[in-house]
**Q** 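Let me begin by handing over the structure; questions about it come next.
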Amino acid sequence: MSFSRYAFSKSRLFLVPSSPLSFALNLNFSSHSPNPSNIHDALASFNRLLLLRPLPSVFEFAKILGAIVKMKQYRTAISLSSRAQSKSITPSLVFLNILINSYSHLGQMYFAFSVLGKILKMGHQPNTITLNTLMKGLCHNKMVGEALSFHDELVAKGFLFNEVSYGTLINGLCKAGKTRIAIDVLPRIERQGIKPDIVMYNTIIDGLCKDGLITDARDLCSEMIELGISPDIFTYSSLIHGFCSMGGWKEAYELLNEMFRKDINPNVYTFTILVDAFCKEGRIIEAQAVFATMMKCDKKPNVVTFNALMDGYCLRNNVNVSREVFNKMVKNGLAPDVISYSVLINGYCKNKMIDKAMDIFKEMHRRNLVPNTITYTSLIDALCKSGKISQAQNFIYEMHDRGHLPNIITYSTLLDALFKRQHFDEATTLFKKIVNLGIQPDVYTYTILIDGLCKGGRLNYARQVFQQLLMEGYRLNVQSYTCMISGLCKEGFVDEAMTLLSKMEENGCLPNLVTIETILRGLLEKNDNDKAKKFLLEMTDRGLFRK
DNA sequence: CTAGGGTTAG
C-alpha cells in the first residue's frame, strides 16, 4: 500500500475538529510561566501569545504545543494549532510534527498524513522525527504492516532512518505479537550500519516475556551483555514481570537482588509489577508489604499501583477494602481513571452487588470518565448471571451508540449466559453471528461453545467442532479438553474420553484434577471398577495428584 | 518546541 496519496492529498482535506469549549478565553496575564505545567497555564500562555503585536515567532507557539502534548491534551493541541494558523502563524516543521503526533494519538491517521502533505506542499523537508512519528502512529493504530511498507517506500527513495525508527518498528511488531519478525530486524539494520541498541533489545526482551518465552528473553539479554550493553531498569522490570507471571518467584527475587547489587534502584514500574504479581496470586499481605516498602524507598505509588492493589482485594472478594484503597488514592491526590472505576465495578459485580456497581458506573460518568468495552463487559456479565437479560441487552445497544463495540470477551460472556439459561438455539445463533461479524473466537469462546453443546445434549455437534479445532492445530487448553471429556463421559463414551486424554497430552496439555476426576467418575458410573482402579493407580504413579 | 522500551481492569 502506498502512502503517497496521503502525503500529497489536497490541503482542503486538512480539516480540523472544532475547538472544545473548555478553553474559552482563559486570559491570565499575571501568570508568566514560560514552561506551563498545567493545561490552564498552557492555554493562558497560548492566548497571551496570540494577542501580542508583533506576533511572536512560531517557535514560541510550538513550545506551548509541545507542553500540551506532554499533558496528553491532543484535542486541545489540534484546536490551538488551527487557531494559531488562522492568525497567520506560518507553521514550522516542528509545529507540524507535533500536530502529526496529536492526530496519531487520536487514531486519526488520515489527518496525520494530510499534515505530511502540508509539510511537502510548504516546501519543508520532512525529517526523521516526522516520519518516525507517522510510523509510531501507524503501529499504535494496528497498522504495523503499513508502517513497514511506509518505511520500505522511503528507503527505496533513499531516505535514511535511525535507531529511533527501528525501535519504533520493533515495538510495533512486538505489540502485534510478531516478536520473531522483530528479532529478524536486528541483523538487517546492522547491515545498514545501524547498531541495535538497548531500547531495541529491551523491547524484544519484553515481547518474549509476554509470549511466555522467558528463557529466550534471558538468552537475548545475555547476547546483549556480550555486545557490551548492560541491562537497565527497563530490562530488569520486563524480566521480573516475565518471571512473576509464570510463577518464577525465585528467579524474580534473584533479579531484584541483582538490581540492588548493581545499584539500579526499583522504581514505580518495578514496584507495581511486584504489587500486581502478588495480588494476582492472591497474596495480598505481600502485596501490601511491597506497597509499604515502596513508600519507604520514597517512591510514590501512582494510579496504576493503586489499581493493581484494588484489583487484588477484589480478587479476594474484598470489594469494600478495594473501595477504601480507592478513597486512599484520592486522598493521595491521585485521580482515579477508567481502570480504577472498572475494577470497582467488576468487584461489585462479582459479588452480585449490581446496584453498587451501577452507582459506581454513574459516579464515573459524573467524573467525565468514559466507560469502555471492559467496563461494560463486567456489567453485562453480572446482569446476565442474575437473569437481567434485557438490561444487559440495553448495555449492548449503549456500547454500539458510544462506539465501544462488544469484543470477543463480551460475546463470550453472552454466549455463556445463553447456554447457562439453556437457550441453546439462541446461543448457537449468537455463535454464528460472532463468526459472521468477523470476530475471531478465542479458546474461551470455544470452551463455552463445547461445554454448552455437551450440556445441551448436542454431543455430536460438540464433537464436530472439537475435531475441527484439533485438525486445525488450534491450541486448546486443559479446560477445553476437560469439557469435551466430560461431555463424552456423560453419554457413556468413556473409552473415547480416554483416547482424548492421551491426545491432549500428545498435544502438550497436561490434565488437571478436574480432568482426572471426570474420567474416574465416568468409569465408576459404568461400573468399570477395575478400569477405574487401574486408571487411578496410573495417575497416582505419574504424580498427577500432586499440586 | 517534535520521534523508540517496562506497570493496572472484563
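The sequence lines fix the lettering, A, B, ..., with proteins before strands; numbering per chain opens at 1.
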**Q** So does A:Lys136 get a side-chain nitrogen or oxygen closer than 4.0 Å to the phosphate oxygens (OP1/OP2) of B:dG4?
**A**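 Yes.
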**Q** Should A:His151 be listed as having a side-chain N or O under 4.0 Å from OP1 or OP2 of B:dG4?
**A**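 So the side-chain polar atoms of A:His151 never come under 4.0 Å of the phosphate oxygens OP1 or OP2 of B:dG4.
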**Q** Would A:Arg323 count as a cation-pi partner of A:Phe326, with NZ or CZ less than 6.0 Å from the six-membered ring centre and within 45° of the ring normal?
**A**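 That pair qualifies as a cation-pi contact.
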**Q** Ignoring hydrogens and geometry beyond distance, is the side chain of A:Thr377 in donor-acceptor contact with the base of B:dG10 at under 3.5 Å?
**A**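 Donor-acceptor pair under 3.5 Å: yes.
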**Q** Side chains of A:Ile189 and A:Val185: closer than 4.5 Å at any heavy-atom pair?
**A** yes
**Q** Has the side chain of A:Asn97 got a donor or acceptor that lies under 3.5 Å from a partner of the other kind on the base of B:dA3?
**A** no
**Q** Counting only side-chain nitrogens and oxygens, does A:Lys280 get under 4.0 Å of the OP1 or OP2 atom of B:dA9?
**A** yes
**Q** Do the two ring centres, one from A:Tyr236 and one from A:Tyr269, sit under 6.0 Å apart?
**A** no
**Q** For A:Arg283, give me all partners under side-chain hydrogen bond (donor to acceptor under 3.5 Å, both in side chains), at least two apart in sequence or on another chain.
**A**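 A:Glu286.
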**Q** For B:dG6, does the base pair up with any side-chain atom of A:Asn267 as donor and acceptor (N or O, under 3.5 Å, distance only)?
**A**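 Counting by modelled atom types and ignoring angles, a donor-acceptor contact under 3.5 Å is found here.
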**Q** Give a yes/no answer on whether the side chain of A:Lys70 brings an N or O atom under 4.0 Å of OP1 or OP2 in B:dA3.
**A**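 So the side-chain polar atoms of A:Lys70 never come under 4.0 Å of the phosphate oxygens OP1 or OP2 of B:dA3.
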**Q** Residues from residues 326-346 of chain A sitting under 4.0 Å of DNA chain B, heavy atoms only?
**A**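 DNA chain B contact set from residues 326-346 of chain A: A:Ile339, A:Ser342, A:Val343, A:Asn346.
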**Q** Would one find a side-chain N or O of A:Lys299 under 4.0 angstrom from OP1 or OP2 of B:dT7?
**A**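 It does not, given that no N or O in the side chain of A:Lys299 lies less than 4.0 Å from OP1 or OP2 of B:dT7.
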**Q** Contact class for A:Met135 vs. all strands (heavy atom < 4.0 Å): base, sugar-phosphate, or nothing?
**A**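 Nothing: the residue A:Met135, judged by heavy atoms under 4.0 Å, touches no strand.
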**Q** From C-beta outward on A:Ser378, which listed nucleotide comes closest to its side chain: B:dG10, B:dT7, B:dG4?
**A** B:dG10
**Q** With a 4.0 Å heavy-atom cut-off, tell me which residues in residues 160-171 of chain A come close to DNA chain B, sorted by residue number.
**A**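 Those residues are A:Asn162, A:Glu163, A:Val164, A:Gly167, A:Thr168, A:Asn171.
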**Q** Among B:dA9, B:dT7, B:dG6, which nucleotide sits nearest the side chain of A:Thr272?
**A** B:dT7
